[in-house]
Amino acid sequence: MLNRYAALAVLACTALTACGSKNEMKLYPTAGPFAAQTPPPVIRITASNSEGSSGELSFRLPEGARCKGTWSTVAPRVITRERGINLSIRDLGGRLGGTNEDVAGVNNGEIYAVCRDGTIVQGTFVVGSGTTSGNGTATDSLGNAYKLLF
């Protein structure tokens with residue numbers, strides 16, 4: 001009986017971890033045919049790997065076309081190297097290693113997606129280093145312009 005509960009706990013943790021790696025972006029029409037609708041539709045985008053610097057996108061346009069694509073951001077990193085001799089009693093010998101860390105600031109990113117009906121959606125955004133939130137703009141080949149928020 002205990003093993004069954006342990007297995008369920010592991011399964012639940014795995015499912016939560018998988019869900020935690022997704023983020024939602026939203027496209028709000030600001031010009032074009034979609035913006036002329038009352039109320040204008042909000043397009044929800046599922047973005048994978050929100051903790052990384054690139055991932056996949058999937059969404060559906062109001063007209064029903066499914067779209068898939070990629071998002072990517074340029075997140076600069078600082079790389080530090082450590083070398084030398086440490087003469088403490090606890091740690092005789094040298095140190096050799098390196099660390100990577102995010103640079104604080106605003107990073108630029110892009111989205112690009114192709115829909116089943118041939119529509120292309122592309123845009124740019126900015127995101128703060130170490131965050132999963134940002135904003136930008138996008139357009140599609142149907143004549144729509146969007147505000148991108150996440």
Side-chain angles (χ1 to χ4, degrees), residues 1-84 95-150:
M1 187 72 128
L2 184 59
N3 288 339
R4 179 184 292 175
Y5 290 123
L8 287 173
V10 169
L11 183 61
C13 289
T14 303
L16 288 173
T17 302
C19 291
S21 66
K22 300 239 181 209
N23 197 25
E24 185 178 80
M25 297 176 166
K26 293 179 183 174
L27 289 174
Y28 295 90
T30 57
F34 292 157
Q37 296 177 13
T38 304
V42 176
I43 301 167
R44 288 173 174 25
I45 300 173
T46 301
S48 68
N49 194 27
S50 62
E51 298 296 324
S53 60
S54 67
E56 295 180 358
L57 299 172
S58 63
F59 58 96
R60 182 185 294 265
L61 290 178
E63 304 299 317
R66 288 185 180 260
C67 308
K68 291 191 178 227
T70 304
W71 69 270
S72 178
T73 184
V74 179
R77 293 190 159 293
V78 172
I79 299 173
T80 58
R81 299 276 182 226
E82 207 175 290
R83 259 194 331 202
R95 290 181 185 258
L96 182 61
T99 59
N100 294 332
E101 53 188 275
D102 290 326
V103 177
V106 176
N107 304 317
N108 296 318
E110 294 189 29
I111 65 167
Y112 187 87
V114 178
C115 306
R116 285 187 178 171
D117 67 354
T119 303
I120 295 173
V121 179
Q122 60 185 352
T124 59
F125 63 88
V126 293
V127 62
S129 292
T131 69
T132 56
S133 61
N135 62 68
T137 58
T139 58
D140 67 26
S141 56
L142 300 173
N144 295 293
Y146 305 94
K147 181 69 175 171
L148 172 66
L149 298 173
F150 58 98

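Excluded from the calculations below are hydrogen atoms, water molecules and symmetry mates; all remaining heavy atoms, backbone and side chain alike, are included.
Between Leu61 and Leu142, the closest side-chain pair of non-hydrogen atoms falls below 4.5 Å. Between Phe125 and Leu149 the shortest side-chain heavy-atom distance does not fall below 4.5 Å. Looking at heavy atoms from C-beta onward, Asn135 lies in side-chain contact with Lys147 at the 4.5 angstrom threshold.
Between Trp71 and Glu56 the shortest heavy-atom distance is CD1-O, 3.8 Å. Between Val127 and Ser133, the closest heavy-atom pair is CG2-O, 2.9 Å. In plain terms, the two heavy atoms of Glu24 and Phe150 that are nearest each other are O-CB, 3.6 Å.
For Pro29, the side-chain contact (heavy atoms from CB on, under 4.5 Å) partners two or more places apart in sequence, or in a different chain, are Phe34, Ala35, Pro40, Pro41, Tyr146. Listed by chain and residue number, nothing satisfies the salt bridge (Lys or Arg N to Asp or Glu O under 4.0 Å) test with Lys68 (two or more places apart in sequence, or in another chain).
Distance OG1/Thr139 to CG/Asn144: 9.5 Å, rounded to 0.5 Å. Rounded to the nearest 0.5 angstrom, Asp140 CG and Cys115 SG are separated by 7.5 Å. Taken from CZ in Arg44 to CG in Leu27, the straight-line distance is 11.0 Å, to the nearest 0.5 Å. One finds the CG atom of Asp117 at 13.0 Å from the CZ atom of Arg66 (value rounded to the nearest 0.5 Å). The OH atom of Tyr28 sits 10.0 Å away from atom CG of Leu148, with the distance rounded to the nearest 0.5 Å.
Checking side-chain atoms of Asn23 against main-chain N and O of Ala47 turns up no donor-acceptor pair under 3.5 Å. In this structure, the side chain of Ser72 does not engage the main chain of Ser54 through any donor-acceptor pair within 3.5 Å. Proximity of a side-chain donor or acceptor of Thr30 to a complementary backbone N or O of Ala145 within less than 3.5 Å is detected.
Screening Ile111, Thr46, Thr70 for a side chain to side chain contact (heavy atoms under 4.5 Å, CB included) involving Leu57 leaves a single residue, Ile111.
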